[in-house]
Amino acid sequence: MFLEFKQQVTLILNDAMESLGYGTDDLNLEPSQHADIASRVAFRLASKLKQNPKDIAERIAAAVVIPDDSYVDSVEAVGPYLNLRANRRYLDETVSRIRSETDGFGGGFCEGRIIMEHTSANPNGPLHVGHIRNSVIGDTLTRILKRAGYDVDTHYYVNDMGRQIAIVSWALSHFEFDTSKKSDHSIADVYIKANAELEAHPEKVAEIDRLMQLVESGDEETMERFDKAVGFAVAGIKETLLKMNVAHDTFVNESGFVRSGAVSRIVDEIKATGRTEIDNGALVVDLLSYGFEKSLVIQRTDGTSLYTTRDLAYHEWKGEQAERVIDVLGADHKLISGQLKATLNAIGKPEPEVVIFEFVSLPEGSMSTRRGKFITADELFEQVGEQAFVEVDKRRPEMPDEFKKDVAATVGIGAVRYDIVKVSPEKSTVFNWKEALDFEKQGAPFIQYSHARACSILAKAKEEGLWNPATTIDPSVLVEDSEVTFIKKMAQFDNVLDQSARELKPHIFAIYARELADSFNQFYRFVPVISAEEESDRNSRLALVDCARIVLANALETLGIGAPESM
RNA sequence: GGGCCUGUAGUGUAGUGGAUAGCACAUAAGCCUCCGGAGCUUAUAUCCCGGGUUCAAGUCCCGGCAGGCCCGCCA
């Protein structure tokens with residue numbers, strides 16, 4: 001709704017400016033506490049026209065012509081600002097559209113195909129609390145883009161032939177594999193032991209190199225051993241992802257690009273640019289003209305490919321299938337992703353859009369799978385689930401255990417996802433058990449509670465024969481401040497979705513979802529609904545509660561968080 | 001040593017160069033005997049430091065300081 005309003009405002013103001021001979025310009029539209037939308041265009045024009053911005057604003061306001069069917073109610077110049085207000089029709093239309101469009105409300109305004117790659121952690125152990133920042137950002141972005149209207153295919157790029165996997169494969173034949181544990185956890189156990197062993201006996205590293213050469217040359221037996229190792233880890237990782245409502249459409253194996261010949265083809269293409277040279281036996285690409293001091297190694301001295309080389313082939317392939325290719329990567333990939341983009345550019349291939357998030361560390365330092373220093377996602381979910389159960393039990397002691405367990409799982413995962421997604425990706429964070437288990441912090445449970453509250457109000461009204469969803473209602477009686485504020489908040493849905501989709505910033509949407517719940521609670525606090533005296537007030541307010549239920553459910557779905565009807 | 005990111009109340013965070021720096025936790029004081037109290041209201045900030053650009057800087061530029069990440073044959 002707000003997107004249409006903004007569009008109309010843009011047209012009206014540009015028309016007015018043209019009629020004054022100012023031409024059109026960036027209107028500097030901004031949300032404002034003084035209006036539904038404000039324009040600072042007068043500031044811009046002031047320096048250009050060498051006139052007082054206040055006078056310019058006044059002239060523009062006077063020149064505005066509002067069409068009959070507009071959502072714009074008024075344009076007012078306040079000092080140098082142009083304050084625009086939405087009219088009653090805008091509010092009424094918002095309410096009726098939410099109820100007619102339900103889960104499609106506020107979305108579907110984009111089109112195109114996107115490949116989103118996220119998580120892609122090495123299959124050498126379980127996901128830890130750092131990896132899931134990638135998963136949550138990637139999955140939330142996917143949901144945002146899908147809701148905005150894109151066709152999104154999600155990829156998990158599986159490193160099934162790198163050095164680390166060679167170590168895992170080697171480890172499986174040297175150490176006992178504990179089958180009583182979740183398979184990815186057992187993989188980490190042997191991987192950690194193998195690394196310690198290799199550190200103590202550096203001469204054994206040659207065995208790893210040998211494995212890598214064998215797998216690169218397509219040796220059947222070695223490939224099978226690698227596949228087995230990778231299979232154990234990936235199975236466990238998938239299970240963990242599923243717990244947090246994350247599912248990838250495709251798991252793409254790196255080795256496929258070596259076997260298909262795509263890797264050697266792309267190496268040839270890079271060579272053809274004349275940018276390559278042999279440095280100490282390795283093949284490197286000179287990217288100085290792209291601003292990279294150091295050249296990029298794309299082939300080892302022994303002729304085997306590197307992660308980067310295979311990644312180039314993978315990106316070439318992705319670029320052929322979608323208009324937009326998005327990668328969610330940790331901050332450690334900043335340099336390498338820049339070099340990857342430059343190399344793709346050098347051979348005339350489309351470059352991915354890279355979303356970088358900063359690291360999650362532990363109070364005692366950074367995490368490391370190799371050294372066994374990490375907190376697994378599974379452990380976090382278990383602890384959070386237990387704590388959530390305690391909280392549910394405290395509030396709904398009369399409910400059966402089954403109910404408490406279900407709600408605890410939904411609330412626990414929701415709390416974890418929300419805590420991660422609400423923070424801007426460029427901030428590094430420190431994992432803290434006390435905070436992770438603190439449900440008093442307003443986050444997902446607050447939004448879920450608001451949704452459950454709306455559901456419960458409607459259920460109660462229905463039970464008392466006061467509510468029938470099919471009743472036609474008159475939204476224009478919703479005139480209380482808290483009602484109007486809440487309707488406007490819901491109308492913002494498309495605008496926030498659009499901004500987070502354009503800027504690839506999921507935290508903007510997360511913050512909006514909380515504000516939405518906040519706004520609903522304020523409405524409910526100040527206005528009687530079931531106990532309203534007039535029937536038309538009661539019906540319209542119940543319809544507004546129904547809107548809250550719909551929009552809150554949509555927001556939670558977009559965040560990948562469950563929306564229980566009771567909790 | 002070089003590059004990139006971050007630095008906002010006790011803590012955690014939001015904030016496209018513009019109108020009173022928004023929110024939560026913790027703390028304190030309240031709320032129609034409340035239609036779900038996991039709710040609502042109120043109180044608490046020299047925006048790391050120093051310069052600069054601008055009519056206007058938390059936001060842009062330069063220099064510090066602190067933390068994170070990276071700097072070829074790992075991924």
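Throughout, protein chains are lettered first and strands after them, A, B, ... in sequence-line order, and every chain is numbered starting at 1.
Among B:A38, B:U16, B:A75, the nucleotide with an atom closest to any side-chain atom of A:P31 is B:U16. Each of B:U16, B:C73, B:A14 was ranked by its minimum atom distance to the side chain of A:V423; first place goes to B:A14. Of all nucleotides listed (B:C74, B:C73, B:C32), B:C73 comes nearest to the side chain of A:N280. Looking at the side chain of A:N83, the nearest of the listed nucleotides B:G68, B:C71, B:A19 is B:A19. For A:K427, taking side-chain heavy atoms from C-beta onward, the closest of the listed nucleotides B:U8, B:G72, B:C5 is B:U8. Distances were taken from every side-chain heavy atom of A:L335 (C-beta onward) to each of B:A14, B:C70, B:C73; the shortest belongs to B:C70. The nucleotide whose nearest atom lies closest to any side-chain atom of A:D332 is, among B:C35, B:C69, B:U16, B:C69.
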>> Could you walk me through whether A:K318 and A:D327 satisfy the salt bridge (charged side-chain N to carboxylate O under 4.0 Å, His left out) test, starting with their C-alpha distance in whole Å, then the side-chain angles of each, then the deciding distance to 0.1 Å, before giving a yes or no?
In response: CA-CA 11 Å; A:K318 284 198 280 193; A:D327 298 343; 3.1 Å; yes
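In summary, A:D419 and A:K422 engage in a salt bridge, as defined by a charged side-chain N under 4.0 Å from a carboxylate O.
Taking atom CG of residue A:N195 and atom P of nucleotide B:A75, one finds them 13 Å apart after rounding to whole Å. As a whole-Å value, the separation of A:K489 NZ from B:C23 C1' is 11 Å. One can place CD of A:E435 at 9 Å from C1' of B:C25, the figure rounded to the nearest angstrom.
When both distances must be under 3.5 Å, the Watson-Crick or G-U wobble mate of B:A28 is B:U42. Under the Watson-Crick or G-U wobble criterion, with both distances below 3.5 Å, B:A66 is paired with B:U6.
A:S337 contributes a side-chain N or O that, together with a main-chain N or O of A:K334, makes up a donor-acceptor pair within less than 3.5 Å.
A sub-4.0 Å separation between OP1 or OP2 of B:G37 and a side-chain N or O of A:R395 is absent.
With hydrogens and angles left out, the side chain of A:S450 and the base of B:A38 share no donor-acceptor pair within 3.5 Å.
The shortest distance between side-chain heavy atoms of A:E254 and A:Y307 falls below 4.5 Å.
Among the protein residues, A:Y524 comes within range of the nucleic acid bases, having at least one heavy atom under 4.0 Å from a base atom.
Of the residues in residues 356-370 of chain A, those with a non-hydrogen atom less than 4.0 angstrom from any atom of RNA chain B are A:E358, A:F359, A:S366.
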